[in-house]
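Report on the following structure.
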Amino acid sequence: MPGVPHPIDRPSSGPITSQFGRSQAPDYLKGLNEEQREAVLTIDGPLLVLAGAGTGKTRVLTTRIAHILTTKRAWPSEILSVTFTNKAAREMKERIGHLVGSGVEGMPWLGTFHSIGARILRRHAELVGLRSDFTILDTDDQIRLIKQLLDAENIDEKRWPARQFAGMMDTWKNRGLLPRDVSPADSGSYANGRGAKLYGDYQARLKVLNAADFGDLLLENIRLFREYPDVLADYHRRFKYMLVDEYQDSNVAQYLWLRLLAQGKPASEANICVVGDDDQSIYGWRGAEVDNILRFEKDFPGARVIKLERNYRSTGNILKAASSVIAFNEDRLGKTLHNDTVEKGELLSVTSLWDSEEEARTVGDEIENYQRQGEPLNSMAILVRASHQMRSFEERFITLGLNYRVIGGPRFYERKEIRDAIAYLRVVSNPSDGLSFERIVNVPKRGLGDSTVQILYNASRSANVSLLAATRMLLETEELKPKQRTTLRELVAQFDHWSARLQSLPHWELAQQILDESGYTAMWQADKSPDAPGRLENLKELVRSMEDFETLGGFLEHISLVMDRDTAEAEDAVSIMTLHSAKGLEFDTVFLPGWEEGLFPSQRTMDESGRAGLEEERRLAYVGITRARKRARLSVAQNRRINGLWQSAIPSRFLDELPADAVEVKDTGSSYGGYGYGGGASSRFNKADPFESVYETPGWQRARNQQANRKSAGPLTIEGDLVARSVDLGNDRSAFGLGERVFHLKFGYGAIIDIEGNKLSIEFEKAGRKKVLESFIKKA
DNA sequence: TCGCCCTATATAAGG
DNA sequence: TATAGGGCGA
């Protein structure tokens with residue numbers, strides 16, 4: 001039972017060094033370097049561990065927990081240990097298990113912020129207006145709920161999209177704001193100032209539905225702790241140690257939550273250890289506040305700060321390149337990675353290519369080369385900035401017959417068929433779950449359309465009962481058309497049958513029956529679309545995975561909170577993923593394509609967040625490079641088709657920030673117009689002037705000059721460089737006129753036939769009619 | 001109510 | 001270019 005008081009057998013506290021002399025050091029401390037060891041052994045009081053990429057951060061966290069357990073300073077149930085992802089939590093559990101042996105039961109309070117928040121919320125649900133079996137809504141449910149509210153408020157969903165509002169509420173909840181805390185300014189940016197009111201309505205609706213969204217899992221915790229100090233005090237007594245992973249990714253709500261939980265002791269004595277790396281903070285757009293890590297020492301006065309800078313992952317050149325790029329950022333605590341090996345390793349390579357197809361071909365060739373040299377595909381990865389870049393690689397690898405796997409992308413449980421199946425199960429498990437009932441009432445098609453559902457809704461509202469209960473009532477009246485009434489009667493009867501069988505059947509068998517008897521399986525069997533077999537396969541997988549859970553309730557909790565499916569790594573395959581999802585991973589060889597201004601750094605981020613945005617992009621570059629153990633191969637495509645139109649691009653400024661002596665510039669010889677770089681890595685790396693090109697080859701210079709020409713409409717300054725491309729000269733007046741003869745790098749000569757803002761329709765002499773951006777056109 | 005066609009839109013993504 | 005969602009006609 002968690003939380004049962006027990007005597008703790010405390011070792012006499014003395015100086016750390018004397019506590020474990022060299023000879024009696026326990027096994028788990030062996031192989032740690034000095035800083036790591038210190039981070040593990042500094043147990044009492046606040047501690048900030050700044051852990052650079054590849055410095056053994058997870059090892060420190062897990063060893064620290066093992067140390068606390070082995071020295072019996074706390075039971076597993078007295079350690080609160082939070083991560084951001086399920087994957088990280090799983091990994092930690094596993095590694096702690098290895099360290100302390102099988103003797104210790106799993107740690108009940110090791111998990112993601114959300115899973116722990118949900119756990120706490122279920123214990124005290126009544127205090128915040130929920131029942132302990134509340135449903136956790138995902139984004140999809142959320143949107144549908146918002147749409148209902150907008151409908152009720154007569155707000156035009158086209159003018160004010162539900163998605164947008166969901167995003168706003170997410171932001172508010174990330175900042176720890178309740179409806180009453182939302183500022184008029186924030187509220188005003190949606191539906192003519194009705195934002196805060198809608199937020200309030202939404203929260204009220206959730207309580208009626210006995211549901212919470214992801215944001216609530218923390219927000220309601222905060223409310224609970226603030227309104228019920230005795231509940232909070234109980235957790236203060238319970239948690240003797242707190243550990244937080246990836247602290248740089250925490251948002252305001254998470255920060256508040258942690259601070260409340262840490263308040264059991266004076267701040268200077270709090271046993272809280274946070275681990276993070278300000279240089280790897282790449283989730284600002286998701287509400288993360290780097291400031292949390294930057295001000296840790298203020299929040300917890302007297303905190304120890306330990307920097308882990310010794311890197312065990314990458315070669316000297318890779319570290320040098322990564323350090324050099326990240327040094328261009330101003331907002332950082334300042335760490336420098338180093339390693340002990342003299343080995344500098346291979347140079348990083350930068351290759352400029354004609355377009356994304358050539359980029360994919362080149363990467364494909366290189367991969368096959370490495371493969372011939374005996375390197376497994378599993379040791380190689382392609383890391384892209386935006387998911388649309390993946391396509392050309394996938395296409396190329398399919399033609400080559402090269403095994404690849406895409407990491408990330410649509411997650412298992414977000415698939416339509418899985419969500420439908422879960423909706424059925426949720427209704428069986430919790431008949432008052434109206435959103436789920438609504439989702440599947442007409443799936444498969446039963447002839448119950450919008451108007452029928454509307455009738456059900458109205459009845460449910462006016463009688464203040466759940467949708468299913470309202471349906472039962474309506475079956476006794478004449479309100480529904482006979483056909484619909486019969487159909488609904490059958491459906492309700494089916495649900496009754498299934499609910500009854502919940503006691504007598506294993507839940508996975510019941511699930512299979514539900515899918516079959518409801519006609520859901522048949523629906524996909526009859527579907528002739530190419531993805532139907534895959535969906536049926538997914539459904540089987542779902543039913544199979546249910547066997548791992550004791551109860552249906554347990555399974556549903558898991559599926560709400562644990563969204564990731566373990567990626568099967570059995571097969572040898574190249575990984576393709578975004579830079580964001582690569583954080584925490586490592587590969588021998590890393591391909592970094594698409595280092596072009598506008599794509600990486602992303603124009604949108606720079607437009608929206610200015611210098612801070614650029615710095616976050618640069619951290620992303622840092623994350624990308626530091627994923628490589630032995631090799632980093634970067635590339636630039638001069639032309640890229642984005643949203644159907646061709647854009648020509650110039651090399652990313654981040655390339656100029658690489659140290660020239662760690663980089664080799666490749667000339668593929670196939671580039672148009674001498675864009676290739678003639679003579680290998682060049683001369684000089686000048687940190688004082690970040691915007692001066694470091695590569696003095698002719699091709700590079702030409703590319704740079706092109707950039708200058710393109711911006712000639714505005715003043716060209718160094719500051720201007722950061723924001724230059726947000727200057728859109730096309731919006732009110734175009735530099736071109738109708739009928740004018742122009743030249744495009746890829747399509748050649750043509751005449752302008754239409755101008756919309758900065759998009760020009762051009763009839764090309766050879767290439768036909770195309771829409772292109774004005775900035776890629778020159779007067780002929 | 002269903003289904004097709006048209007049009008609007010387009011980072012990154014955890015729980 | 002690809003897709004998703006809404007509108008409208010049968």
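Each chain gets a letter, A, B and so on, in the order the sequences are listed, and its residues count up from 1. What's counted below: heavy atoms across the whole structure, side chains too, no hydrogens, waters or symmetry copies.
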Requested in this report: Would you kindly compare A:S115 and A:H388 by the position of their nearest DNA chain B nucleotide and give the one closer to the 5′ end?
Outcome: A:H388

With sugar-phosphate meaning primed atoms plus P, OP1 and OP2, does [X] contact a base, only sugar-phosphate, or nothing at under 4.0 Å between heavy atoms?
X      : value
A:T605 : base
A:T112 : sugar-phosphate
A:E608 : base

**Report entry** Flag if over 12 foreign heavy atoms under 6.0 Å of CZ, A:R144
**Finding:** yes

What's the [atom1]-[atom2] distance between [X] and [N], to the nearest Å?
X      : N      : atom1 : atom2 : answer
A:K173 : B:dG14 : NZ    : P     : 20 Å
A:I407 : B:dA13 : CD1   : C1'   : 15 Å
A:D138 : B:dG14 : CG    : P     : 14 Å
A:F134 : B:dG15 : CZ    : P     : 17 Å
A:D213 : B:dG14 : CG    : C1'   : 14 Å
A:L218 : B:dG15 : CG    : C1'   : 9 Å
A:Y413 : B:dG14 : OH    : P     : 12 Å
A:H580 : B:dA13 : NE2   : P     : 7 Å

Residue list, side-chain hydrogen bond (donor to acceptor under 3.5 Å, both in side chains) with [X], at least two apart or on another chain:
X      : value
A:E220 : A:K207, A:R223
A:S436 : A:D433
A:E289 : none
A:R396 : none

Requested in this report: Answer yes or no: is there an ion pair linking A:E94 with A:R90, defined by an N-O contact shorter than 4.0 Å?
Outcome: no

Requested in this report: Determine, for A:R611 against A:D331, whether the closest basic-nitrogen to carboxylate-oxygen distance falls under 4.0 angstrom.
Outcome: yes

**Report entry** Helical stems, DNA chain B - three or more consecutive Watson-Crick or G-U wobble pairs below 3.5 Å
**Finding:** B:1-10 with C:1-10

Query raised in the report: Among A:D138, A:D141, A:D140, which residue meets the salt bridge (Lys or Arg N to Asp or Glu O under 4.0 Å) test with A:R439?
Result: A:D140

Query - Under 4.0 angstrom between A:T578 side-chain N/O and B:dT11 OP1 or OP2 - result: no

Report task. May I ask you to verify if any side-chain N or O of A:S387 is less than 4.0 angstrom from the OP1 or OP2 atom of B:dT11? Result -> no

Report summary line: Expected list for residues 278-286 of chain A near DNA chain B, using heavy atoms below 4.0 Å, is A:W285, A:R286

Query - salt bridge (Lys or Arg N to Asp or Glu O under 4.0 Å) between A:D151 and A:K147, intermediate numbers included - result: CA-CA 6 Å; A:D151 205 39; A:K147 281 186 179 166; over 6 Å; no

Requested in this report: Please assess A:F165 against A:I155 for the test side-chain contact (heavy atoms from CB on, under 4.5 Å), listing each intermediate value before the final yes or no.
Outcome: CA-CA 12 Å; A:F165 187 64; A:I155 294 172; over 6 Å; no

Query - Partner residues of A:R535 under the salt bridge (Lys or Arg N to Asp or Glu O under 4.0 Å) criterion, sequence neighbours left out - result: A:E417, A:D531

**Report entry** Listed partners of A:R122 passing salt bridge (Lys or Arg N to Asp or Glu O under 4.0 Å), at least two apart
**Finding:** A:E557

Query raised in the report: With A:F437, which residues qualify under ring pair (Phe, Tyr, Trp, His ring centres under 6.0 Å), at least two apart?
Result: none

Requested in this report: Summarise how protein sits on nucleotides 1-9 of chain C as a single string, 5' to 3': B when a protein heavy atom is under 4.0 Å from the base, S for sugar-phosphate-only contact, - for no contact.
Outcome: BS---SS--

Report summary line: Given protein heavy atoms under 4.0 Å, the one-letter contact record of nucleotides 1-8 of chain B, with B base, S sugar-phosphate only and - none, is simply SSS-----

Query raised in the report: Considering residues at least two apart in sequence or located in another chain, which fulfil the side chain to side chain contact (heavy atoms under 4.5 Å, CB included) criterion with A:T487?
Result: A:R446, A:L448

